[in-house]
Each structure stands twice: as C-alpha cells, then as structure tokens.
Amino acid sequence: MPVSLPALPYAYDALEPHYDEQTVRLHHDIHHNGYVNGYNAAEAKLAAAREAGDFAAVKHLSRELAFHGAGHQLHTIFWTNMKPNGGGLPGGALAAQIDADFGSFAAFRGQLEAATNSVEGSGWGLLVWNRDFGKLEVLAAEKHQNQAQQNTTVLLAIDVWEHAYYLKYQNKRAAFTTAFLDHLINWGDVAERFGAAKG
Ligand code: MN3
C-alpha cells in the first residue's frame, strides 16, 4: 500500500508569526510530499525488481527507500510536534524522565538546541526513546537517515534543513530552533508519543 501525505493538524497560517504561512505551504505541500512520492516510487521499483528477479539497482533503491521513508516519517512527526501558541514546559512522566536522563530541563534544552544547531548541512535535532537502553536521548541526524540509532522511537523532530526555515529566518538557524522551543512546540504531543513508546 502506498503511503500518503497527512493533512496538517492546523491551518497553513496557524503558526504565524513564528512559522510563516509561505514556508509551511511549501514545506508541507512540496517538500514533504516529495518524500511521500519518493518512498512510493522506491517501493514500486523494488516490487518490479522482485518480480523480474533483477536486483541490479537494489543498492540505489535501498538508499532511496531509507532517505524518502525517513523523510516522510520525520516530517509527519514534525508537524504534530507543533501547535499554535505552543511552547512552555513538558509535564508528568515525560518531565520526570527528562530530569532523570538529562539532569534538568535546562540541561536537556541546552543539549537539544546545541545538537540541532550544529547539524552539518541538512538534518534534524531529535529526542528519541531508546527502548533497548531504557532512556531518552538527543540525537542529531544528517539528512533524514544518517547518524540515527536503530530501534529508537522519535518523540520530537526539529527540522533544520534550510527549506524548513530559510524564507523567514535566513541563515539564523538558531533563531528558528529557539522560536520552535519557545512558541511552537506541542509538549502534549511529545508526551503522548513518550507514553506510547515506553508502554
Ligand atoms: Mn523538511
């Protein structure tokens, strides 16, 4: 079954002024949709390769599958990680786990911002639940799929590809990261993802 582009959980202009309508439109309708189409195309070509018993292109197609599939996954999380009038602090079990694993919310936020802002080229700042190690971790993924750990569940994904912020923030990636955490983040969604992941 092909994957499809999920609708935004809010209007295109709902995140103004911290995330501008034009960027949200381009980012969701063009960029995210490109990963959906890329993933479906890779899957279709792999199905044809299996049918033909010809795996000459499998190295390329495996890369396409990982790149576009991870891009679709991370963008889907990214949109729901934001809400109008977001920001504030996490609560409940998520706040307690952050304190346990990072020392304090301030220390966690410092690490998350630094990791996100220092991604080389295009990529993501991530908060993940590592079920094998029983802890939260901050990761910095290059592109969508590099430097990830396996068997983790992404709870929070901050997109720092230039397409995510350049129209409004130009080269000031750190200003976008700060605005994301101060005004856009939906901690309720992150906490729900944490609850589901930890079980
Ligand atoms: Mn993006």
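Every number for a ligand or one of its atoms is a count from 1 in the order of the listing.
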Under 2.8 Å from the Mn ion (ligand 1), is there any N, O or S atom belonging to His31? no

As a test of reading the structure, name the N/O/S atom of Asp159 that is nearest the Mn ion (ligand 1). OD2

Do any side-chain atoms of residues 44-58 form donor-acceptor pairs under 3.5 angstrom with protein atoms, and if so which ones, sequence neighbours left out?
residue : atom : partner : partner atom : Å
Asp54   : OD1  : Ala56   : N            : 3.0

For Asn130, all residues meeting side-chain hydrogen bond (donor to acceptor under 3.5 Å, both in side chains), sequence neighbours excluded: Glu137, Gln149

Do you see a donor-acceptor pair shorter than 3.5 Å between the side chains of His144 and Trp124? yes

For the Mn ion (ligand 1), decide whether His32 has an N, O or S atom at a distance under 2.8 Å. no

Could you pull out the atom name of the N/O/S atom in His75 that is nearest the Mn ion (ligand 1)? NE2

Can you confirm if the aromatic rings of Tyr19 and Phe176 lie within a centre distance of less than 6.0 Å? yes

Proximal heteroatom of His163 relative to the Mn ion (ligand 1) (N/O/S): NE2

Kindly give the heavy-atom pair with the smallest separation between Trp161 and Lys143, and that separation in Å. NE1-O, 3.4 Å

